[in-house]
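Shown next, in structure tokens, is the structure this report addresses.
In what follows, chains carry the letters A, B, and so on, assigned in the order in which the sequence lines appear, proteins first and then strands, with residues in each chain numbered from 1.
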Number of protein chains: 2
Amino acid sequence: MLLTSACKYGIQATIYLGMQKDDSFVSIKKIAEEFTIPFHFLTKVLQLLTQAGIVESTKGAKGGVRLGKDPDVITLFDIIAVIDGEGIFHDCMLGLPGCGLNTPCPAHEFWAPIRTKYEKSARAISLKDLASDTISKNLRIGK
Amino acid sequence: MLLTSACKYGIQATIYLGMQKDDSFVSIKKIAEEFTIPFHFLTKVLQLLTQAGIVESTKGAKGGVRLGKDPDVITLFDIIAVIDGEGIFHDCMLGLPGCGLNTPCPAHEFWAPIRTKYEKSARAISLKDLASDTISKNLRIGK
DNA sequence: CAAATAACGGACAATTTTGTCTTAATTACA
DNA sequence: TGTAATTAAGACAAAATTGTCCGTTATTTG
């Protein structure tokens with residue numbers, strides 16, 4: 001599996017936040033219901049993103065979460081890196097430590113270009129891209 | 001994580017088998033020691049590959065495993081598909097069922113080309129490619 | 001100020017993956 | 001023929017991931 005469930009949930013949630021018209025807070029419960037994500041689990045995922053500054057939150061009535069930065073400057077790479085770590089973008093396919101140009105594993109030539117394409121694309125696509133596409137093309141994020 | 005540990009072990013082991021000069025059987029214990037893979041765990045991974053015909057095995061003294069087909073016709077795709085399933089090559093990045101050209105998710109445009117490149121490359125590279133590279137370039141598979 | 005709302009944080013349970021151990025079945029060979 | 005070697009198979013344990021529950025803290029509103 002490329003991404004953990006936690007990471008998939010995080011991406012869904014942040015795209016949804018990027019789609020909001022104003023900057024008011026959305027409750028996590030609302031997001032969880034929208035995409036049928038276990039509420040308390042989503043809470044923990046969003047806490048990670050909050051700690052990283054990608055998401056802002058306030059407690060209490062009318063509280064909730066919203067993006068902590070301009071959706072233009074939040075990339076898919078950022079979200080994945082916070083939740084799953086950067087490993088998927090850098091690690092050896094066979095898990096060998098130190099695998100690289102100097103001491104490659106047998107799969108290095110195969111995997112390195114794909115991994116690089118993946119990282120570059122993920123760094124190039126912003127939440128704004130994803131969110132505006134979702135609105136303009138009426139895409140579904142969940143369900 | 002792209003591949004499970006089971007799958008990484010399976011790839012290491014089959015490359016090693018592809019590197020053997022003759023077609024005699026290699027004991028699983030030998031392979032496990034070579035790459036520091038938990039023996040009984042590797043046993044189960046190789047059983048999967050044996051059931052799929054990618055590997056052949058015999059019990060008893062002088063028993064062990066060897067490739068069940070010409071290394072030319074075994075691809076990296078085959079090995080990954082047997083152990084981890086084909087999901088990684090086909091599934092939606094966000095895990096949405098039915099995501100595709102008709103009803104794409106927001107990440108589809110991003111992920112589909114990478115996934116396709118990954119699948120095509122994996123189908124194009126054989127165990128012979130990997131094994132002969134490992135020999136000629138003196139690459140390491142493990143440790 | 002009180003009550004309702006909602007994120008935070010910790011404990012705990014379920015599930016999946018990974019790893020270990022034991023026994024059975026099969027084969028080679030002395 | 002019997003002993004050692006080796007895969008097969010199942011039970012079980014450990015660890016990681018996923019999911020649930022509950023009490024605390026903070027905020028809005030009446």
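- B/Ile11 pairs with exactly one of B/Ile83, B/Leu127, B/Leu76, B/Ile141 by the side-chain contact (heavy atoms from CB on, under 4.5 Å) rule, that one being B/Leu76.
- A/Leu139 has its side chain within reach of B/Pro104: a pair of non-hydrogen atoms, C-beta onward, lies under 4.5 Å apart.
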(request) Using a 4.0 Å heavy-atom cut-off, write out nucleotides 25-30 of chain C from 5' to 3' as B (base contacted by protein), S (sugar-phosphate only) or - (no contact). (result) BBBSS-

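- A distance-only check finds a donor-acceptor pair linking the side chain of B/Arg115 to the backbone of B/Asp91 [under 3.5 Å].
- By the 30° and 60° cut-offs, the orientation of the rings of B/Phe110 relative to A/Tyr118 is tilted.
- Side-chain atoms of B/Thr50 come within 3.5 Å of backbone N or O of B/Leu46 as a donor-acceptor pair.
- Between the CG atom of A/Leu49 and the P atom of C/dA7 there is a distance of 14 Å, given to the nearest Å.
- Residues A/Glu109 and B/Lys137 are paired through a salt bridge, judged by an N-O separation under 4.0 Å between the basic side chain and the carboxylate.
- Side-chain N/O atoms of A/Ser27 include none lying less than 4.0 angstrom from OP1 or OP2 on C/dT5.
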Check nucleotides 19-23 of chain C against the protein and report each pair of N or O atoms closer than 3.5 Å, with its distance, or say if there are none.
| unit_1 | atom_1 | unit_2 | atom_2 | d |
| --- | --- | --- | --- | --- |
| C/dG19 | OP1 | B/Tyr9 | OH | 3.4 |
| C/dG19 | OP2 | B/Tyr9 | OH | 3.1 |
| C/dT22 | O4 | B/His40 | NE2 | 3.3 |

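- Distances shown here put every side-chain N or O of A/Gln47 at or beyond 4.0 Å from the OP1 or OP2 atom of C/dA7.
- Note: A/Phe35 and A/Tyr16 have perpendicular aromatic rings, judged against thresholds of 30 and 60 degrees for the angle between ring planes.
- The separation between B/Leu48 atom CG and C/dT17 atom P is 12 Å, rounded to whole Å.
- Counting 5' to 3', DNA chain D first comes under 4.0 angstrom of a heavy atom of chain A and last does so at the ends given by D/dT18 to D/dT29.
- More than 12 heavy atoms of other residues, nucleotides or ligands lie within 6.0 Å of CD in A/Glu56, so this atom counts as buried by the packing criterion.
- With B/Asp133 contributing its side chain and B/Leu130 its backbone, the two residues share no donor-acceptor pair below 3.5 Å.
- Atoms CD (A/Gln51) and P (C/dG9) sit 7 Å apart, rounded to a whole Å.
- Around CD of A/Glu119, the count of heavy atoms belonging to other residues, nucleotides or ligands within 6.0 Å exceeds 12.
- At least one donor-acceptor pair closer than 3.5 Å links the side chain of A/Ser132 to the backbone N or O of A/Lys128.
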